[in-house]
There are 2 protein chains.
Amino acid sequence: MKEAVKLLRDSGIQLTPQRTAVVESVLESTTHPSADEVFEMARRKCPTVSRATVYNTLNLLVEKQVVRAQILREGTVVFDTNMKKHHHFIDDETGTIHDIPWESLEVRGEQRLDGFDVREYQVILRGRKKRT
Amino acid sequence: MKEAVKLLRDSGIQLTPQRTAVVESVLESTTHPSADEVFEMARRKCPTVSRATVYNTLNLLVEKQVVRAQILREGTVVFDTNMKKHHHFIDDETGTIHDIPWESLEVRGEQRLDGFDVREYQVILRGRKKRT
DNA sequence: GTCCAAAACTAGACCAAGTCTAACACAACT
DNA sequence: AGTTGTGTTAGACTTGGTCTAGTTTTGGAC
């Protein structure tokens, strides 16, 4: 949060009330919100913020590497505030997305793929979360 | 192809010219086509086929497990005719999707995830394909 | 403080992927 | 032939997202 603000300011980007609302909204959220969900949250903080500004700001955050855009749901991009490498588990029933720590899975062979230069990878798991 | 036709017929589904065009189109394609790409291919075989029929038929094929729907591209589902377990590599520059054989990667730990019942998983890799 | 240019914002138009609906076509059964 | 069910079509609709034109805000020069 603090660093995000700093990073944006250092990039010569003005921190307007609208942008602050968007940045706070997405960074506060513990789930993996879609742009529209961020829009709703931001609206509560700053009722005049427009959809365009939400999309612009989110794309700016992706560009500045404050959040990551992930393709995990049909039809919509979700935003991920966890910038550490990790995998994703998607609940079949609810569609909820859970972060899986990088260390809990071991993947081998990705540097030995013939003809492919792997820049990054992640495991996408699907199934059911056990209620505890 | 042959089995697909049989499977559909056995499920009590009439093989109309429109459906045949869709089934042939998707099964012939070596890439990972979107519904719209299938629509175009199918149109060439059967010019009267409508978008609705393409979507209906593709969803039918997914239901009958003739093809798989994959969330790999922003904004659109793609269809995968390779029903064997495999991973995916996405070229950063072209967006082209490549199948990676299941055996060329080794993943461990997915059954030991605390609180998660994993039904299926795959590795999504991104980077650049070397031109050979 | 005033003025100007640049940056930011908004509403709404637009676009693309996908679903839904109402009307029509056609087969199978009586 | 009439009825029922399955299939198809065009087009309306919905949703996620981008683009645009016009307005507001801001920061700097004076």
Side-chain angles (χ1 to χ4, degrees), chain A residues 5 8-26 31-64 67-80 95 97, chain B residues 5 8-26 31-64 67-80 95 97:
Chain A
V5 168
L8 290 181
R9 200 152 24 206
D10 290 356
S11 311
I13 288 159
Q14 293 173 37
L15 265 177
T16 64
Q18 290 87 343
R19 280 179 180 160
T20 308
V22 174
V23 174
E24 279 178 6
S25 297
V26 69
T31 57
H32 295 72
S34 67
D36 239 52
E37 284 157 357
V38 174
F39 179 45
E40 276 174 39
M41 288 186 275
R43 272 260 155 169
R44 267 176 248 136
K45 292 172 191 286
C46 175
T48 72
V49 70
S50 67
R51 265 161 54 83
T53 296
V54 172
Y55 278 97
N56 287 341
T57 308
L58 286 173
N59 291 338
L60 210 53
L61 292 177
V62 170
E63 208 177 290
K64 297 300 175 194
V67 302
R68 233 198 283 266
Q70 293 274 5
I71 301 172
L72 294 170
R73 283 226 280 260
E74 190 175 328
T76 178
V77 165
V78 300
F79 294 90
D80 196 337
I97 298 163
Chain B
V5 168
L8 291 181
R9 201 153 23 206
D10 289 356
S11 311
I13 289 160
Q14 291 171 39
L15 264 178
T16 64
Q18 290 86 341
R19 280 179 181 160
T20 307
V22 174
V23 174
E24 279 179 7
S25 297
V26 71
T31 59
H32 296 73
S34 67
D36 238 54
E37 284 158 355
V38 174
F39 180 42
E40 276 174 39
M41 290 185 276
R43 273 260 157 169
R44 266 175 249 136
K45 292 173 191 284
C46 175
T48 73
V49 70
S50 68
R51 268 161 54 83
T53 296
V54 171
Y55 278 97
N56 287 341
T57 307
L58 286 173
N59 291 338
L60 209 54
L61 291 177
V62 170
E63 207 177 289
K64 297 300 174 193
V67 303
R68 233 198 284 269
Q70 293 274 5
I71 301 172
L72 295 170
R73 281 227 279 259
E74 189 175 330
T76 176
V77 166
V78 300
F79 295 90
D80 197 337
I97 299 163

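All figures in this text were calculated on a predicted structure; none of them were measured in a lab. Note on naming: letters A, B, ... go to the chains in the order of the sequence lines (proteins, then strands), and numbering restarts at 1 for each one.
Along DNA chain D, the stretch of nucleotides lying under 4.0 Å from any heavy atom of chain A spans, 5' to 3', dG16(D) to dT26(D).
The closest side-chain heavy-atom distance from Val62(B) to Val67(B) is below 4.5 Å.
Put simply, CG on Asp36(B) is 8 Å from C1' on dA16(C), counting in whole angstrom units. Distance Glu74(B) CD to dG18(C) C1': 16 Å, rounded to the nearest Å.
A distance of 7.5 Å separates CZ of Arg43(B) from OG of Ser50(B), quoted to the nearest 0.5 Å. Atom OG1 of residue Thr76(B) and atom CD of residue Glu74(A) lie 8.5 Å apart, to the nearest 0.5 angstrom. Summarising the geometry, atom CD1 belonging to Ile71(A) is positioned 12.5 Å from atom CD belonging to Gln70(B); distances are rounded to the nearest 0.5 Å.
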Enumerate all atom pairs, one protein N or O and one N or O from nucleotides 7-13 of chain C, separated by less than 3.5 Å.
{"from": "dA8(C)", "atom 1": "OP1", "to": "Arg19(A)", "atom 2": "NH1", "distance (Å)": "2.9"}
{"from": "dC9(C)", "atom 1": "OP1", "to": "Thr16(A)", "atom 2": "OG1", "distance (Å)": "2.2"}
{"from": "dC9(C)", "atom 1": "OP2", "to": "Arg19(A)", "atom 2": "NE", "distance (Å)": "3.4"}
{"from": "dC9(C)", "atom 1": "O3'", "to": "Gln18(A)", "atom 2": "NE2", "distance (Å)": "3.0"}
{"from": "dT10(C)", "atom 1": "OP1", "to": "Thr48(A)", "atom 2": "O", "distance (Å)": "2.4"}
{"from": "dT10(C)", "atom 1": "OP1", "to": "Thr48(A)", "atom 2": "OG1", "distance (Å)": "3.1"}
{"from": "dT10(C)", "atom 1": "OP1", "to": "Val49(A)", "atom 2": "N", "distance (Å)": "3.2"}
{"from": "dT10(C)", "atom 1": "OP2", "to": "Ser50(A)", "atom 2": "N", "distance (Å)": "2.9"}
{"from": "dT10(C)", "atom 1": "OP2", "to": "Ser50(A)", "atom 2": "OG", "distance (Å)": "2.9"}
{"from": "dT10(C)", "atom 1": "OP2", "to": "Thr53(A)", "atom 2": "OG1", "distance (Å)": "2.7"}

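The side-chain contact (heavy atoms from CB on, under 4.5 Å) search around Ile97(B) returns His32(B), Leu72(B), Arg73(B), Val78(B), His88(B), Ile90(B), not counting sequence neighbours.
At least one donor-acceptor pair under 3.5 Å links the side chain of Glu37(B) to the backbone N or O of Ser34(B). Panel note: side chain Arg19(A), backbone Gln14(A); a donor-acceptor pair is recorded below 3.5 Å. The main-chain N or O of Ala21(B) is never found under 3.5 Å from a side-chain atom of Glu24(B) such that the two would form a donor-acceptor pair.
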